[in-house]
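Every number for a ligand or one of its atoms is a count from 1 in the order of the listing.
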Amino acid sequence: MKYPIEPFKIKTIQKIQRKSASERENILTNAKYNVFKIASEDVYIDLLTDSGTGAMSADQWSAIMMGDESYAGATSFFRLKKVVDEIFQFQYFVPTHQGRAAEHILNEVLVEPGHYIPSNTHFDTTEANIRACGGNPVNLPEARKSTSSPFGGNIDLEKLSRFINDVGAYNIPYGMLTITNNGAGGLPVSLDNIRGASEIYRSNEIPFFIDACRYAENSYFIKKHDERYQSQTVEEISKEVFSCCDGITMSGKKDGLVNIGGFLAVNDSELFTKIKNIAVLREGFPTYGGLSGRDLDAMAVGLKEGIEEDYLEYRTSQTAYLGEGLREIGVPVLQPFGGHAVYVDSAAMFPHIPVEDFPGITLSSALYLAGGIRSVELGSVAFAHFDEALQKIVRPPLELVRLALPRRTYTQAHLDFVVRTFGEVLENVETYKGYEITWSPEHLRHFTAEFKSKL
Ligand code: F0G
């Protein structure tokens with residue numbers, strides 16, 4: 001597969017340096033084999049997340065100099081409002097410091113104990129924010145019929161209808177869809193599926209919200225894979241997507257191409273009054289949310305750049321290039337490739353390591369030791385939990401490790417290096433051992449848990 005030509009040239013750089021093999025071994029041992037505990041200067045290629053880690057453009061940096069830091073009614077807010085109104089077309093919006101703050105406000109306003117909130121797959125902060133209000137997040141992803149279907153992020157519409165009938169629409173304060181579906185390989189949701197979910201929610205009078213943080217990648221995939229939309233622009237497709245729902249939570253740190261920022265947008269004026277009340281309490285006055293004026297300006301420019309089609313073509317092809325390179329040397333990767341990351345099935349890569357011994361930690365450790373590469377485990381460490389009703393540990397269906405690509409940051413040589421490093425790990429695959437947990441916190445354990453090798 002050919003590497004896409006970047007539709008930009010590099011103007012500012014940040015030095016990276018690879019620590020020696022013995023230094024990396026010491027660093028990982030001191031980090032108790034949890035790559036979240038490694039200082040970024042000790043990481044060579046950082047694929048931990050695509051959130052807030054991308055490069056801003058010269059236009060964004062110059063917009064930052066225009067930032068108006070007035071407490072109320074800053075001109076930066078009105079520049080952002082113009083762009084948000086243009087692309088997303090909701091009646092009202094409030095900036096927030098990032099996506100999870102928008103989720104927090106939405107749930108605080110709408111969710112009461114015992115409520116259910118269905119989605120294709122909730123992101124972990126969304127899930128945690130729903131639970132924090134006493135609600136029950138419910139994931140209803142469509143079972144994959146074949147890996148040739150590009151829309152692997154869809155919600156199961158039949159299950160959604162049945163679920164609403166079972167628990168009663170009055171117990172569902174809002175329904176959701178995450179686009180693209182970060183919990184399902186970063187794969188897109190089709191426009192038919194979005195429309196289908198919208199019809200079901202609306203016919204049951206349930207407000208419909210989209211978690212829109214990777215909406216531009218989702219719209220680009222719709223354009224590419226659904227021939228009915230090939231002549232439409234990504235912006236036109238996005239408008240159609242948002243016309244299906246009543247509001248969105250947005251993390252600007254993804255397709256807004258900023259290092260910090262987000263917003264919550266809705267159409268309902270009564271709901272917005274409640275949102276503003278909580279926003280003032282938690283984030284700040286509604287014309288700045290949790291952000292400085294310069295952050296609002298950077299996001300206004302980033303949102304426009306994030307829907308440029310040459311950029312999206314490069315972005316999705318770069319991810320596919322890494323995925324294809326890994327597949328070619330025999331790494332078990334999820335296919336088709338999504339927008340922001342490549343997901344590796346670590347249990348299939350280390351078939352001799354039982355899931356109880358965390359093959360995902362084996363892989364994330366191996367990548368750091370062999371190449372200074374940082375990835376993230378999204379398997380049993382992140383998602384396994386003890387189910388009180390079943391009285392047993394429930395594990396996620398796959399022991400995934402995610403390689404997320406920061407936007408406009410790494411080049412072909414960096415990705416080729418990642419593939420070569422995987423090659424080195426594969427050469428001695430049977431020598432790798434599993435891990436055991438020596439300490440873990442009560443919640444979201446993958447961030448801070450500590451491990452020991454089972455050598
Ligand atoms: N929704 C989705 C689908 C996300 O992937 C994230 C963040 C959020 C909401 C929350 O946004 O970080 O701005 O508060 N995902 C990052 C990741 C952290 O690595 O996938 P935030």
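Within ligand 1, the atoms closer than 4.0 Å to a non-hydrogen atom of R402 are 17 (C), 19 (O), 20 (O), numbered from 1 in the order shown. Those atoms of ligand 1 that come under 4.0 Å of a heavy atom in K253, given as number and element, are 13 (O). Set against the non-hydrogen atoms of T49, the atoms of ligand 1 under 4.0 Å away are 16 (C), 17 (C), 19 (O). Counting the atoms of ligand 1 from 1 in the order shown, those under 4.0 Å from a heavy atom of T178 are 3 (C).
For ligand 1, the polar-atom distance check finds no N/O of F123 at less than 3.5 Å from any of the ligand's N/O atoms. Ligand 1 has an N or O atom lying under 3.5 Å from an N or O atom of D211, backbone or side chain. Between R214 and ligand 1, a contact under 3.5 Å exists for at least one N or O pair. Residue T126 places no N or O, backbone or side chain, under 3.5 Å from any N or O of ligand 1.
If you check which protein heavy atom lies closest to atom 9 (C) of ligand 1, you get E103 OE2, 3.1 Å. For atom 13 (O) of ligand 1, the closest heavy atom belonging to the protein is S251 OG, 2.7 Å. Taking atom 10 (C) of ligand 1 as the reference point, the nearest protein heavy-atom neighbour is T125 OG1, 3.6 Å.
E217 pairs in a salt bridge (charged side-chain N to carboxylate O under 4.0 Å, His left out) with only one of the listed residues (K223, R315, K224), which is R315. With R214 as the partner, the side chain to side chain donor-acceptor pair (under 3.5 Å) test is satisfied by one option alone out of D50, T178, N181: D50.
Relative orientation of the F285 and Y71 rings is tilted, given thresholds of 30° and 60° on the angle between their planes. Using the six-membered ring where Trp is involved, F221 and H225 have ring planes that are parallel, under 30° apart on the 30 and 60° scheme.
Counting heavy atoms closer than 4.0 Å to ligand 1, residue R100 contributes atoms from both its backbone and its side chain.
Distances from ligand 1 to the non-hydrogen atoms of C213 include at least one value under 4.0 Å.
Side-chain contact annotation: Y288 with D295, donor-acceptor N/O pair under 3.5 Å absent.
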Test ring-ring contact (aromatic ring centres under 6.0 Å, His included) on F358 and Y435; report intermediate values, then the result. CA-CA 6 Å; F358 308 115; Y435 284 80; 8.8 Å; no
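Which of H97, Q98, K254 comes nearest to atom 11 (O) of ligand 1 through a heavy atom is settled by distance: it is K254.
To the nearest 0.5 Å, the span separating CD1 on I105 from NZ on K276 amounts to 12.5 Å.
Listed for the Q60 side chain is a donor-acceptor partner under 3.5 Å among the backbone atoms of S57.
Using a 4.5 Å heavy-atom cutoff, the side chains of I87 and I307 are in contact.
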